[in-house]
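All chains are named by letter (A, B, ...) in the order of the sequence lines, taking the proteins before the strands, and each is independently numbered beginning at 1.
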2 protein chains.
Amino acid sequence: MVLTEKHKELIERIGVFHEHKGMQPLVGRIIGLLLVHEEGEVSFDEIVEQLGVSKSAVSNALTFLQAKGRCVYSTRPGDRKRYFALKVSDWREDFQKDLENISEIQKFIDEVLEIRTDKNPEFNCNMKDFSNFLGFFKKEIPALFDRFKRQQA
Amino acid sequence: MVLTEKHKELIERIGVFHEHKGMQPLVGRIIGLLLVHEEGEVSFDEIVEQLGVSKSAVSNALTFLQAKGRCVYSTRPGDRKRYFALKVSDWREDFQKDLENISEIQKFIDEVLEIRTDKNPEFNCNMKDFSNFLGFFKKEIPALFDRFKRQQA
DNA sequence: CAGTTAGTTCTGCAAATACAGAACAAAGTT
DNA sequence: AACTTTGTTCTGTATTTGCAGAACTAACTG
């Protein structure tokens with residue numbers, strides 16, 4: 001597949017978006033490439049060529065993406081190449097994991113509340129509210145997915 | 001204030017949690033200290049002493065936290081010191097910003113869908129579903145806060 | 001079994017990060 | 001006016017990161 005300027009520019013933007021999420025640059029670019037590539041499946045050396053990086057860097061990045069469960073490869077009879085693809089079908093679990101991750105702060109808030117004195121009741125009260133909300137939020141997540149499903153049908 | 005081992009250990013854990021979110025180590029430790037400190041307000045040089053780091057590092061970290069709107073300082077009459085505190089009261093807006101941030105991926109998904117061919121309909125379909133969900137999710141956020149408020153009362 | 005293909009692991013390095021320490025600034029104190 | 005306090009800014013550096021390139025492995029091919 002030949003990438004247009006538009007493709008390349010979008011891959012870069014998706015790359016920096018993922019960099020901001022803490023991923024290393026190349027990992028973000030690979031996610032971008034796998035997203036815009038028309039087949040959705042891209043061979044190891046097409047990744048190397050399209051992104052103009054070394055095999056070692058691609059190997060490490062793909063190992064990382066597979067470990068994170070964001071990426072898989074398939075093979076084809078009579079072809080030793082691996083074709084890598086994003087697990088776009090898993091967006092529900094992925095998104096849910098993201099949500100649970102950001103509400104992980106509740107764990108710390110609660111620990112903090114346990115060891116705080118009552119020298120600053122307003123501070124404590126705000127933190128307690130936040131913790132309550134996070135608990136509420138986590139409980140509401142499944143219902144949110146349900147409502148989406150119903151609204152779609 | 002004298003920090004116990006428990007305090008120090010919790011500050012470290014809160015620190016690495018924030019490091020994983022992309023912040024620099026000291027910034028995370030300062031958030032931890034401001035959370036566990038009984039007064040909630042901590043002077044510049046108490047931060048320096050409690051965390052055992054240089055003034056320059058603390059100065060830069062606090063500038064960053066203030067720029068991000070996560071931290072403010074107040075002063076006291078007849079006292080030139082600045083007392084720094086987290087904006088715990090802003091947790092609603094902060095959390096909302098976090099949610100909007102993670103759903104920012106929709107922007108990219110939609111751009112990707114626009115330039116994709118229909119060579120892989122299943123892939124496109126999954127992405128379209130995800131985009132629809134993200135749209136739905138963003139719309140639901142205010143209602144979520146409302147329900148929490150009502151449930152509290 | 002020599003050569004090719006497809007990818008991994010190891011070694012090294014250039015650039016970025018995160019901080020220390022010194023110099024500096026601004027304001028108050030004696 | 002010299003000195004102290006409360007930070008900020010500048011300069012240097014140890015560490016970490018992110019990748020390249022070479023050496024390597026495993027499997028297939030002629």
Side-chain angles (χ1 to χ4, degrees), chain A residues 8 11-12 14-34 37 39 41-68 70-85, chain B residues 8 11-12 14-34 37 39 41-68 70-85:
Chain A
K8 290 177 192 169
I11 289 172
E12 288 308 309
I14 292 172
V16 315
F17 175 78
H18 284 91
E19 278 186 66
H20 289 321
K21 299 218 154 190
M23 293 178 180
Q24 69 187 59
L26 181 55
V27 170
R29 305 298 183 282
I30 291 179
I31 291 174
L33 176 59
L34 297 182
H37 197 282
E39 274 102 23
E41 290 194 318
V42 188
S43 73
F44 186 93
D45 47 289
E46 187 174 350
I47 297 174
V48 168
E49 284 158 27
Q50 296 280 17
L51 300 181
V53 289
S54 70
K55 290 200 296 171
S56 60
V58 170
S59 177
N60 288 325
L62 287 173
T63 300
F64 173 83
L65 281 170
Q66 291 173 93
K68 286 271 169 188
R70 299 255 348 228
C71 168
V72 288
Y73 70 83
S74 54
T75 50
R76 296 166 192 184
D79 182 353
R80 270 162 60 209
K81 285 185 183 172
R82 293 172 190 175
Y83 293 87
F84 292 87
Chain B
K8 290 178 192 167
I11 289 173
E12 287 308 308
I14 292 172
V16 316
F17 175 78
H18 284 92
E19 277 186 66
H20 290 321
K21 299 219 154 189
M23 293 178 179
Q24 70 187 56
L26 181 57
V27 170
R29 305 298 184 283
I30 291 179
I31 292 175
L33 176 59
L34 296 182
H37 198 282
E39 274 101 24
E41 290 194 317
V42 189
S43 73
F44 185 92
D45 46 290
E46 187 174 349
I47 297 175
V48 168
E49 283 158 28
Q50 296 280 16
L51 300 181
V53 289
S54 70
K55 290 198 298 172
S56 60
V58 170
S59 177
N60 288 324
L62 287 172
T63 300
F64 172 83
L65 280 170
Q66 290 173 96
K68 287 269 166 186
R70 299 256 347 229
C71 167
V72 287
Y73 70 82
S74 55
T75 50
R76 297 166 190 182
D79 182 353
R80 269 163 60 210
K81 285 186 183 173
R82 293 173 189 175
Y83 293 87
F84 292 88

A/Ala57 has its side chain closest, among C/dG7, C/dA20, D/dC19, to D/dC19
Can you measure from OG1 (A/Thr75) to CZ (A/Arg82) and round to the nearest 0.5 angstrom?
8.5 Å
Side chain B/Ser54 and base C/dG21 donor-acceptor under 3.5 Å:
no
Using atom NZ of A/Lys81 as one end and atom C1' of C/dT5 as the other, report the distance to the nearest whole Å.
9 Å
Could you tell me how far apart A/Asp45 (CG) and C/dT4 (P) are, to the nearest whole angstrom?
17 Å
Just the rounded figure in Å: distance from C1' of C/dT4 to CG of A/Asp79.
15 Å
Kindly compute the distance separating CD1 (B/Ile47) from CG (B/Leu62), expressed to the nearest 0.5 Å.
4.5 Å
Contact under 4.0 Å: A/Gln24 side-chain N or O vs D/dG18 OP1/OP2:
yes
Before giving the answer on side-chain contact (heavy atoms from CB on, under 4.5 Å), spell out for A/Gln24 and A/Glu19 the whole-Å C-alpha distance, their side-chain angles and the decisive distance to 0.1 Å.
CA-CA 6 Å; A/Gln24 69 187 59; A/Glu19 278 186 66; over 6 Å; no
Whole angstrom value for the distance that separates C1' of C/dT17 from CZ of B/Phe64
13 Å
If we count only N and O atoms by modelled type, under 3.5 Å, do the side chains of B/Glu46 and B/His37 hold a donor and an acceptor together?
yes
Taking 4.0 Å as the cut-off, does a side-chain nitrogen or oxygen of A/Arg82 come that near to OP1 or OP2 on C/dT5?
no
Please give, in whole Å, the distance from D/dT8 P to B/Leu62 CG?
8 Å
Separation of D/dC10 P from B/Lys55 NZ (nearest whole Å)
16 Å
Separation of atom OH in B/Tyr83 from atom C1' in D/dT5, rounded to whole Å
12 Å
Whole angstroms only, please: what is the CG-C1' distance between A/Asn60 and D/dG21?
13 Å
Residue mapping more 5' on DNA chain D - nearest nucleotide basis, A/Val58 or A/Arg80:
A/Val58
